[in-house]
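Just so you know, these numbers use all the heavy atoms, side chains as well, and skip hydrogens, waters and symmetry mates.
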Amino acid sequence: MGSTRVRIAIDAMGGDHAPGEIVAGAMRAREELGVDILLVGDPHKIEAALPPKTNMAQVEIVPAEDAIAMDEEPLNAIRRKPKASINVAMDLVKQQRADAVFSAGHSGAAMAAALLRLGRLPGIDRPAIGAVFPTIIAGKPVLILDVGANVDCRPKFLDQFAVLGSAYSQYVLGTAEPKVGLLNIGEEDSKGNDAAVRAHQMLRENSQINFIGNAEGRDVLSGRFDVIVCDGFVGNVLLKFAEAVGEVILQILREELPQGLHGQIGTALLKPNLKRIKQRMDHAEHGGALLLGVAGVCLIGHGSSQAPSIFNAIRIAKEAVDNQVLQRIQSQYILQRESG
């Protein structure tokens, strides 16, 4: 790649609001984050979504003949549509024309395309989707994985998720020694089903991570843990519930603020505080979830993502590239495990 700027391939046709919101968020990221954007999809629709008076010399559009619909079976669709936008975007990473890829389209299709085109990292059996949650402690997020890639998980998968999550927490989120927990129904080592008990033992014996025990549901947002591992079924329910709670709280704040002139004055005085509350609780501020375990930086966004979410997802992708998270996982974690 000729440019020293981070280059992000964007599936411009993926998501409920594609391509308009996708393009808007990507163009904002280009200006404010200093990244190069490759917009993948139908050139005519992408050009129509660009802001007026856009300098086309600064925009790179990569044509794609098709897109994956949300109701399609992911693996079959990926194989049946080799020129779909998510496939073309993944190929740009494989060909080293892009450093990372983002899609707000079909998450199963994005994962399938990543596995087929980029492959898994050495020593990883299953990739995991990692989502960042806010905690009660300001500036101390928690990474939950898996939140949707694997409905059923063997204990060794959870053990690998802990390794991947620890690396991401340390090198991207800046946690010096990430504390890892296993999502369970109780703190005791013997709690949970057979898979949870065996996973607990594996995590306890894993010298590559700082495992501190089981995490109950009430512990998730406590700030006690930096990384929490679970299967994708439970993780996806947890993710969507947390997002709904955040939206409810924000809506209650809007409704309960005083009305009239006094209310307007009070709201103006509280505006900085309200903005910080929104930044901590609104899932749009976190942008997307990283697909950890594949041989490339891949971000998966919500199907309902709009421009602010797209912008923040690209920011996360840039941070992952800048901090060389893939190289660090391979050199410090996976290769050590293989040699051990």
Side-chain angles (χ1 to χ4, degrees), residues 15-16 70-71 73-74 103-112 125-136 141-162 164-165 168-169 180-188 191-200 203 213-252 280-293 298-305 309 312-313 316:
D16 300 339
M70 296 299 289
D71 60 351
E73 197 285 321
S103 176
H106 195 313
S107 58
M111 190 177 77
D125 291 290
R126 297 282 182 88
I129 301 175
V132 176
F133 286 59
T135 71
I136 197 170
V142 59
L143 178 69
I144 312 292
L145 67 165
D146 178 28
V147 295
N150 307 279
V151 174
D152 297 306
C153 287
R154 299 178 187 176
K156 71 171 183 177
F157 298 164
L158 296 172
D159 190 48
Q160 292 172 5
F161 296 168
L164 294 170
Y168 185 79
S169 180
V180 179
L182 170 67
L183 191 60
N184 209 330
I185 59 173
E187 294 182 354
E188 298 82 3
K191 286 287 187 178
N193 56 22
D194 179 65
V197 172
R198 289 189 291 128
H200 187 284
L203 291 163
N214 288 334
E216 296 183 82
R218 62 188 175 191
D219 298 319
V220 172
L221 306 182
S222 68
R224 179 185 170 197
F225 297 90
D226 301 296
V227 178
I228 295 178
V229 296
C230 58
D231 65 60
F233 183 91
V234 172
N236 193 263
V237 172
L238 180 64
L239 172 68
K240 291 174 181 176
F241 178 77
E243 289 172 353
V245 169
E247 291 171 1
V248 167
I249 293 175
L250 289 171
Q251 182 61 33
I252 290 173
R280 289 179 62 179
M281 299 189 64
D282 191 350
H283 66 82
E285 298 291 338
H286 301 287
L290 196 70
L291 181 60
L292 292 163
C298 303
L299 264 291
I300 296 175
H302 297 272
S304 59
S305 293
S309 292
N312 284 309
I316 294 170

Original post:
Excluding sequence neighbours, so at least two apart, what forms side-chain hydrogen bond (donor to acceptor under 3.5 Å, both in side chains) with Lys191?
Top reply: none
Original post:
Looking at CG of Leu290 and CG of Leu164, how far apart are the two atoms once the value is rounded to the nearest 0.5 Å?
Top reply: 9.5 Å
Subject >> Spacing of OG belonging to Ser169 relative to CG belonging to Asp226, to within rounding of 0.5 Å >> reply: 5.0 Å
Original post:
Do Phe133 and Leu239 pass the side chain to side chain contact (heavy atoms under 4.5 Å, CB included) test, and can you show the C-alpha distance, the side-chain angles, and the key distance before you say yes or no?
Top reply: CA-CA 8 Å; Phe133 286 59; Leu239 172 68; 3.8 Å; yes
Could you tell me whether a side-chain N or O of [X] sits under 3.5 Å from a main-chain N or O of [Y], the two making a donor and an acceptor?
X	Y	result
Asn214	Glu188	yes
His302	Ser305	no
Asn150	Pro127	yes
Asp219	Ser222	no

**OP:** List the steps and the verdict of side chain to side chain contact (heavy atoms under 4.5 Å, CB included) for Asn312 and Ser309.
**Re:** CA-CA 5 Å; Asn312 284 309; Ser309 292; 5.9 Å; no
Provide the closest heavy-atom pair for [X] versus [Y] in the form atom of the first, atom of the second, distance.
X	Y	answer
Val132	Pro141	CG1-CB, 3.4 Å
Met70	Gly105	SD-C, 3.8 Å
Cys230	Gly235	SG-CA, 3.6 Å
Gly213	His200	CA-NE2, 4.2 Å
Pro74	Gly108	CB-C, 3.4 Å
Phe161	Arg126	CE2-O, 3.5 Å

Side-chain heavy atoms of [X] within contact of [Y], under 4.5 Å:
X	Y	result
Leu299	Ile316	yes
Leu183	Val220	yes
Leu291	Met111	yes
Ile129	Leu145	no

**OP:** May I have the step-by-step check of side chain to side chain contact (heavy atoms under 4.5 Å, CB included) for Asp152 and Asp231, ending in yes or no?
**Re:** CA-CA 6 Å; Asp152 297 306; Asp231 65 60; over 6 Å; no
Original post:
Which residues pass the side chain to side chain contact (heavy atoms under 4.5 Å, CB included) test with Ala162, sequence neighbours left out?
Top reply: Val180, Leu203, Ile209, Val229
Original post:
Under the side chain to side chain contact (heavy atoms under 4.5 Å, CB included) test, which residues partner Asn193, sequence neighbours left out?
Top reply: Ala195, Ala196
Subject >> Audit row: Ile144, Leu238, side chain to side chain contact (heavy atoms under 4.5 Å, CB included) steps and yes/no >> reply: CA-CA 9 Å; Ile144 312 292; Leu238 180 64; 4.2 Å; yes
Subject >> Donor-acceptor side-chain pairing of Gln160 and Asp125 below 3.5 angstrom >> reply: yes
